Amino acid sequence: MPGLPEVETVRRTILPHVVGRRIVRVDVRETRLRRPIAPDFAHRLVGRRIHGVARRAKYLVLDVGDGLLWIVHLGMSGRFCVGEPPGDLPHVHVVVDLEAGGRLYFRDPRRFGLMLLARDERDLGIVGVEPLEAEFSPHFLWQTTRRHRRTSIKSLLMDQRRIAGLGNIYANEALFAAGIRPTRRSGKLTRAESERLVGAVREVLERAIASRGSSLLDYRDADGNEGEFQRLLAVYERDGEPCRRCGEPIKRGVTTGRSTFYCPRCQR
DNA sequence: AACGCGCCCTGTCCGC
DNA sequence: TGCGGACAGGGCGCGT
């Protein structure tokens, strides 16, 4: 469910509730996530203080001191919430009590999420560049398209080994904003288009973060609030509806197994 | 090597 | 109303 803007929104929402607080109890109710939660997870976390909350790609990285990192990934259906989970709420896999009555819980019906402790975020094996950092430059993108000429530009944008954090919604939206058809072979991108696309990715992500993410089915931030960006989506899940720019009906297709939306007139 | 596909899992929606 | 199938925002392992 959550893409980079949603994860960034969750990071900002939990921050004031957790920073500086000590973890007093960890209740692991279900270990079977994408990878099993380690048997010593709770034991290692209890008693530690949360010093900060960072984000790397779509991963939340909580600094719990002594170089130890508490890593949380929300997968497709994960939520990381502040407060008491309703007693009858299913799929609440982890509950963390903080000192002075604060509480966090992790809920993930599909169990594609991840919860682990690591010494180094490099243990996650994320090698792609952050799309909101300077390293994601027009030159970088153009060079990447020259190394992977045959794949579609949308697959390349979503390949976490190259660019880490861009998911299906925002790849579609950025390609619309840049006027590039998602199925275009990467090798056919011009330098000018690479530059436009980098700008479009940045702008789309920043606008989505400013709107606190997109709530399509059931995304909520850690305080339970919906995002607003779904109302501003130009193409995602708008197949058959008129393009906001030219009025042409938005088309839907499938690229490398994922739904792809584009305007046949604005995107070439 | 690099790419695309299928799978992990539950919930929802749609057509019959 | 019930049921089967398609699909969902992510990521990984495998086969080609």
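Every value quoted in this text rests on a predicted model; they were computed, and no experiment measured them. Below, chains carry the letters A, B, ... as their sequence lines are ordered, and counting in each starts from 1.
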If you go through the side-chain atoms of A:R110, does one of them form a donor-acceptor pair with the base of C:dA8 closer than 3.5 Å? yes

Would you mind reading off the distance between A:E226 atom CD and C:dG9 atom C1', rounded to a whole angstrom? 15 Å

For DNA chain B, stems built from three or more consecutive Watson-Crick or G-U wobble pairs below 3.5 Å: B:2-8 with C:10-16, B:10-16 with C:2-8

What is the distance, to the nearest angstrom, from the CZ atom on A:R56 to the P atom on C:dG10? 16 Å

Separation of C:dA8 atom P from A:Y236 atom OH, nearest Å, is 6 Å

If you measure from the ring centre of A:F112 to the centre of the six-membered ring in the base of B:dC9, is it under 5.5 Å, with the planes under 30° apart? no

Counting heavy atoms not belonging to A:E130, are there more than 12 under 6.0 Å from its CD? yes

Should A:H73 be listed as having a side-chain N or O under 4.0 Å from OP1 or OP2 of C:dG10? no

Roughly how far apart, to the nearest Å, are B:dC9 and C:dC3 at atom P? 23 Å

Nearest-neighbour nucleotide for the A:R162 side chain, B:dG4, C:dG11, B:dC3 considered: B:dC3

Check ion pair A:K188-A:E193 (N to O, under 4.0 angstrom): no

Under-4.0 Å side-chain N/O to phosphate OP1/OP2 contact, A:R258 with C:dG9: yes

For the side chain of A:H91, counting heavy atoms from C-beta on, which of B:dC3, C:dG9, B:dT10 is nearest? B:dT10

Measuring only the C1' atom in each nucleotide, how far is B:dT12 from C:dG11? A whole number of Å is fine. 22 Å

Looking at A:S77, does any N or O in its side chain come under 4.0 Å of the phosphate oxygens OP1/OP2 on C:dG9? no

Output the rounded distance in Å from CZ (A:R79) to C1' (B:dT10). 14 Å

I need the CG-C1' distance between A:N168 and C:dA8, as an integer number of Å. 10 Å

What distance, rounded to whole Å, do you find between the two C1' atoms, one in B:dC3 and one in C:dG9? 23 Å

Whole-Å distance separating the CD atom of A:Q230 from the P atom of C:dA8: 17 Å

Looking at C:dC7, C:dG9, C:dG11, which one has an atom nearest to any side-chain atom of A:R252? C:dC7

What pairs meet the ring-ring contact (aromatic ring centres under 6.0 Å, His included) rule with one or both residues in residues 232-268 of chain A, with sequence neighbours excluded? A:Y236-A:F261

Over how many whole Å does the gap from A:R161 atom CZ to C:dC12 atom P extend? 10 Å

Taking the basic N atoms (NZ, or NE/NH1/NH2) and the acidic carboxylate oxygens, is any pair closer than 4.0 Å for A:D108 and A:R111? no

Please name the pair of heavy atoms, one in A:R48 and one in A:D66, separated by the smallest distance, quoted to 0.1 Å. NH1-OD2, 3.5 Å

For A:R34 and C:dC12, is the shortest distance between a side-chain N/O and OP1 or OP2 below 4.0 Å? yes

Any side-chain N or O of A:Y170 less than 4.0 Å from the OP1 or OP2 oxygen of C:dG9? no

Rounding to an integer number of Å, can you tell me how far A:R146 CZ sits from B:dA2 C1'? 17 Å

Counterpart residues, salt bridge (Lys or Arg N to Asp or Glu O under 4.0 Å), relative to A:E206 (two or more places apart): none

Quick note, A:R111 side chain, CB onward, closest among C:dA8, B:dC9, B:dG4 is B:dC9

Say whether A:S186 and A:T145, considering side chains only, have a donor N or O and an acceptor N or O under 3.5 Å apart. no

Could you check whether A:H148 and A:D159, counting side-chain N and O atoms only, form a donor-acceptor pair closer than 3.5 Å? no

